[in-house]
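This report refers to the structure that appears directly beneath it.
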Amino acid sequence: MYTMDELRKFCFKCRKCRLSQTRTNVVFGEGNEDADIMFVGEGPGYYEDVQGRPFVGKAGQLLDKMIEAINYKRSDVYIANVVKCRPPENRNPMEDECNECLDYLRWQVKLINPKIIVCLGAVAAKNLIDTNLTISKQRGIFVKKGNIYFMPTFHPSYLLRNEAAKKDVWKDLLEVKSKLSSITYRTY
Ligand code: URA
């Protein structure tokens, strides 16, 4: 089992796919390594690539509001992406790029062991829940895998273009909030 620091070091040196050739910085992920909730996006954009931090641009400001909507602070949760390097021109990450990078995310999930993972948008939901998932049809419905509940919802960038979808995401976040309060772990 790797530690988060070891994993970060591997990731910083990673050259497994073409995205490593054009990146400025690896965007590993950040937050509370003991978090109850993880938010997973698709991949870094321009500002994330420059700063080496996830969700720091416009979509990130909206994500901060989404986190506050469930009475958490950004520092309480863990934020990561499916791919750790920026796809050029902000295109969607390709299937082989996601596959090369997913092991890093899987390790992050193992180390954090969150109760809930909110999948932000189709790329995260397809890679973490089911490759055949349709985000517009299946958002808002929890999928349990092992001990973790996955909630597919719209990506904050989509909400910036489609204000009307905000009410759906806020509904999904209420589900997350109530699921969290209903999950109780007994220690013997
Ligand atoms: N969009 C994402 O999917 N991830 C980020 O980190 C920023 C924007």
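A quick note: this is a predicted structure, and the numbers were derived from the prediction, not measured. Order of listing sets the numbers, starting from 1, for every ligand and every atom in it.
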Worksheet item: With a cut-off of under 6.0 Å to the ring centre and 45° to the axis, is Lys167 in cation-pi contact with Trp170?
Response: no
Worksheet item: Out of Ile79, Asn81, Val82, who gets a non-hydrogen atom closest to atom 6 (O) of ligand 1?
Response: Asn81
Discussion item. So if I apply the side-chain contact (heavy atoms from CB on, under 4.5 Å) rule between Val118 and each of Ile37, Leu63, Asp172, which one comes out positive?
Written reply: Ile37
Discussion item. I'd like the name of whichever of Gly60, Gly41, Pro87, Gly43 reaches closest to atom 2 (C) of ligand 1 through any heavy atom.
Written reply: Gly43
Worksheet entry | Lys179 charged N/C atom sitting above Phe142 aromatic ring, 6.0 Å / 45° | yes
Item to complete: Taking Asp36 for its side chain and Pro114 for its backbone only, find out whether a donor-acceptor pair lies under 3.5 Å.
Response: no
Worksheet item: Quick check: does Phe55 get an N/O under 3.5 Å from an N/O on ligand 1?
Response: yes
Worksheet item: How about Tyr2 and Phe10: are their ring centres within less than 6.0 Å of each other?
Response: yes
Discussion item. Taking distance alone, with N or O pairs closer than 3.5 Å, would you say His155 contacts ligand 1?
Written reply: yes
Item to complete: Using distance alone, determine whether Glu42 and ligand 1 share an N or O pair under 3.5 Å.
Response: yes
